[in-house]
Each structure stands twice: as C-alpha cells, then as structure tokens.
Amino acid sequence: MKSKVILTALLSVSLFACARETPKVKHKKKNTTTKTTAQKVKFANAVDPICNMPTEPDMKDTAVYKNKTYGFCSSYCKDEFKKNPEKYVQK
C-alpha cells in the first residue's frame with residue numbers, strides 16, 4: 001500500500017514538473033492583421049527559438065542581439081529569449 005502511494009506521489013510531481021516547462025503561449029491560427037503599420041523584416045531565425053513556431057515577416061515581437069533581429073510569436077517568447085539569448089542563438 002505504501003509503495004502505491006509513493007509511486008503515485010512521484011508520478012504526480014514529475015507530471016507537474018513537465019507541465020511547467022511548456023511555454024504558456026496561446027498561438028493564433030493565422031496572423032490576420034487588416035490594417036498594419038509593421039515593417040516587414042528579414043529575421044535571423046526561421047522559427048521562434050522558444051516554441052518552434054515559424055516566423056513571419058510582419059511579426060511585431062522582435063529582439064536585436066549581436067546586430068541580428070530575431071522574431072517571436074509572442075511577448076512571452078521574446079522575454080524568455082532576452083533572459084538568456086546565447087542559449088537560444090545556438091539552436
């Protein structure tokens with residue numbers, strides 16, 4: 001009986017730990033901006049280094065690192081990149 005309780009507790013802890021690693025970003029199905037003033041930029045990355053979503057030329061969440069512009073799907077991903085850009089540039 002004790003082993004079942006311990007096993008259940010360990011599995012619960014590991015599931016919660018895995019759930020916290022996933023970015024909490026709600027992605028849009030399609031970038032639908034009817035009236036935009038955003039400039040189309042060539043990004044140094046083809047995909048968002050945080051969540052692996054493809055970048056689009058009119059993304060508004062960007063960061064410049066070592067004179068290169070990186071595009072992100074959301075401000076959450078941009079903020080995560082800014083915490084440790086070296087980690088994500090190597091991808």
Distance col, row C73:SG vs K60:NZ, nearest 0.5 angstrom, shows 11.5 Å
With sequence neighbours left out, the residues meeting side-chain contact (heavy atoms from CB on, under 4.5 Å) with S75 are D61
When V64, V89, T62 are each screened for side chain to side chain contact (heavy atoms under 4.5 Å, CB included) with Y70, the one that passes is V89
So salt bridge (Lys or Arg N to Asp or Glu O under 4.0 Å) across residues 62-72, not counting sequence neighbours, yields K66-E86
Heavy-atom nearest pair, I50 first then C77, reads CG1-O, 3.3 Å
For G71, is there any backbone N or O sitting under 3.5 Å from a side-chain donor or acceptor partner on N45? yes
Here the gap from K78 atom NZ to M59 atom CE, rounded to the nearest 0.5 Å, amounts to 12.5 Å
For this session: Give the ring-plane orientation class for Y65 versus F81, where under 30° counts as parallel, over 60° as perpendicular and anything between as tilted.
Result: perpendicular
Residue set satisfying ring pair (Phe, Tyr, Trp, His ring centres under 6.0 Å) with F43, at least two apart, ordered chain then number -> none
The side-chain contact (heavy atoms from CB on, under 4.5 Å) partners of P54 (sequence neighbours excluded) come to none
